[in-house]
Amino acid sequence: MEVQFLGGADEIGRSAVLVDDSLLLDYGMASESPPQYPVGDVDPDAVVVSHGHLDHAGAVPALMSSGDLPPVHWTPPTRDLATTLAEDTLKLHGSTPRCPFTDTDVRRLTQASVTHGYGESFEAAGYDVTLYNAGHIPGSAHVLVDDSEVRRTSGNRTQSDDGETQLLYTGDFHTGTQRLVAPSTARPEVDAVICESTYSDVTHEARETVEKRFVESVRQTVWEGGTVVVPAFAIGRTQEVMLVCAAHDVDCYVDGMGQRVTEQLKRHPEFLRDADALSGATSAARFVDGRDGQRKRIAKQNTVIVTTSGMLSGGPAMTYVPAIRQHPTNKVALTGYQVEGTPGRELLETGSAELDGRVLPVSAQVELHQFSAHADREGLLDFLDSYRDTAVLVNHGDRTAAFAEALRADGFTASAPELGETVEL
Ligand SMILES: [Zn+2]
């Protein structure tokens, strides 16, 4: 088996791994400006998508422009989320060189889509493939690829091209508990693992500690008469924060794309840790449609507003943060890692940020609460402990080479492929 890294090697964003020039695992885009896409021309026989985040699924519609549609295999939530992301990308960049697909391609995606549950093996490009819960967001999967009975059909003849490699592509995963999804526990026996390493040099605080501090902080501000804006990613984080608020009886408004995503996820209760809890949290939250100056009125209230975007690069947060910024009683409670160069990061580091084209000083309090959906260093090592006799290829991180080196020092056979590199397994 040969795997080529078309993106996501030594970087976070535009994940894409091509197996034997035939089976494509993920096809993402990095949302920096201008957006970045996987390298090389690719014409796969089939695609498997690990989960519905932009950096793993964002460029999949671009594979729909050729005559033969490659089947796209994923879980039902991943299909829904990827479609929502594609429509959002069209809205932001459609008909410009920044968008590599059209609305026709997005429609054709529906024809190419094949959905699967966890643990159900299926055939893709002749390989046996199985998805396992990755514990990252609803529908997220580890992808097991088995070439031991590769079947390539040409005409009426099926050629057997048996290999002997079983590969596990982790996608993004979490071994810790979140309210929205159950943690990753499957450890299928394989010959090689492609392992994400987003937080290979970070130790997360216990989730209960993060949650407790967040709730206390939010309550304090509301008690003092202030308004709290909680920027949160639409997919996963908005719902996690809604669940935290509901569990602690904190009333909140919810605004932005996270509303639509919440409704989508509720349609797939088998991919949620506690579907009833999400239904309850949705009933308790007040959804905002933004009509008739509603946002400006809400921003004056003594309340909590959960809204996109998570790094303050757009969305209704562009109304809320400027509206509450001048008063130190108010608070901006960021809920996840802020990538360098984003307004969220700028705000944390300098106390002002470029919001909607204007650089604005923020006198409101600014906090960062690390609600992560990724395994930290200990989580990664705990996962990899099941793969001590297995080739480990480290990807999806800023420090993949350093982590691979640390693993080698610990007795692993580990490497960190570079962008465009092909590895023989
Ligand atoms: Zn992800």
Side-chain angles (χ1 to χ4, degrees), residues 5 7-17 24-32 35-38 47-60 74-86 88-89 118 131-143 168-184 194-200 202 204 232-241 257-258 261 264-265 268 271-273 308-311 313 335-339 342 370-376 379-380 383 394-398 400:
F5 289 80
D10 199 23
E11 64 181 339
I12 296 169
R14 60 167 171 177
S15 280
V17 177
L24 183 61
L25 308 176
D26 284 347
Y27 204 57
M29 65 180 265
S31 61
E32 56 216 46
Q36 299 280 311
Y37 298 97
V47 187
V48 181
V49 181
S50 69
H51 67 285
H53 271 154
L54 201 65
D55 58 331
H56 294 257
V60 173
W74 42 21
T75 62
T78 301
R79 172 201 58 200
D80 289 1
L81 297 172
T83 307
T84 298
L85 288 170
D88 195 51
T89 301
Y118 295 138
L131 307 177
Y132 297 95
N133 172 35
H136 174 59
I137 58 169
S140 65
H142 299 303
V143 183
L168 186 69
Y169 170 65
T170 66
D172 293 352
F173 70 99
H174 198 6
T175 52
T177 302
Q178 306 183 76
R179 289 186 179 270
L180 187 60
V181 284
S184 147
I194 298 174
C195 186
E196 71 120 320
S197 59
T198 312
Y199 288 120
S200 65
V202 170
H204 296 323
F233 311 121
I235 297 175
R237 192 61 40 83
T238 291
Q239 296 76 36
E240 185 75 14
V241 173
M257 195 170 110
V261 170
Q264 282 181 332
L265 295 180
H268 304 292
F271 290 90
L272 300 170
R273 184 174 154 212
T308 51
S309 81
M311 298 187 202
S313 48
T335 54
Y337 181 73
Q338 304 292 307
V339 171
T342 59
Q370 288 280 19
F371 284 97
S372 179
H374 290 269
D376 64 359
L380 291 169
F383 172 87
V394 178
N395 80 333
H396 197 286
D398 298 328
T400 53

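A quick note: this is a predicted structure, and the numbers were derived from the prediction, not measured. Both counts, for ligands and for their atoms, begin at 1 and track the order of listing.
When the side-chain contact (heavy atoms from CB on, under 4.5 Å) test is applied to Ser309, the partners found at least two apart in sequence or on another chain are Ser313. Here Phe233 pairs with Arg237, Met311 under the side-chain contact (heavy atoms from CB on, under 4.5 Å) rule; sequence neighbours left out. Annotation: ring-ring contact (aromatic ring centres under 6.0 Å, His included) contacts of His204 (sequence neighbours excluded): Tyr199.
Using the six-membered ring where Trp is involved, Phe271 and Tyr118 have ring planes that are perpendicular, over 60° apart on the 30 and 60° scheme.
Listed by chain and number, the protein N, O or S atoms at a distance under 2.8 Å from the Zn ion (ligand 1) are His51 NE2, His53 ND1, His136 NE2, Asp172 OD2.
In this structure, Ser200 OG and Glu196 CD are separated by 9.5 Å, a value rounded to the nearest 0.5 Å.
Asp55 pairs in a side-chain hydrogen bond (donor to acceptor under 3.5 Å, both in side chains) with only one of the listed residues (Gln36, His396, Arg14), which is His396.
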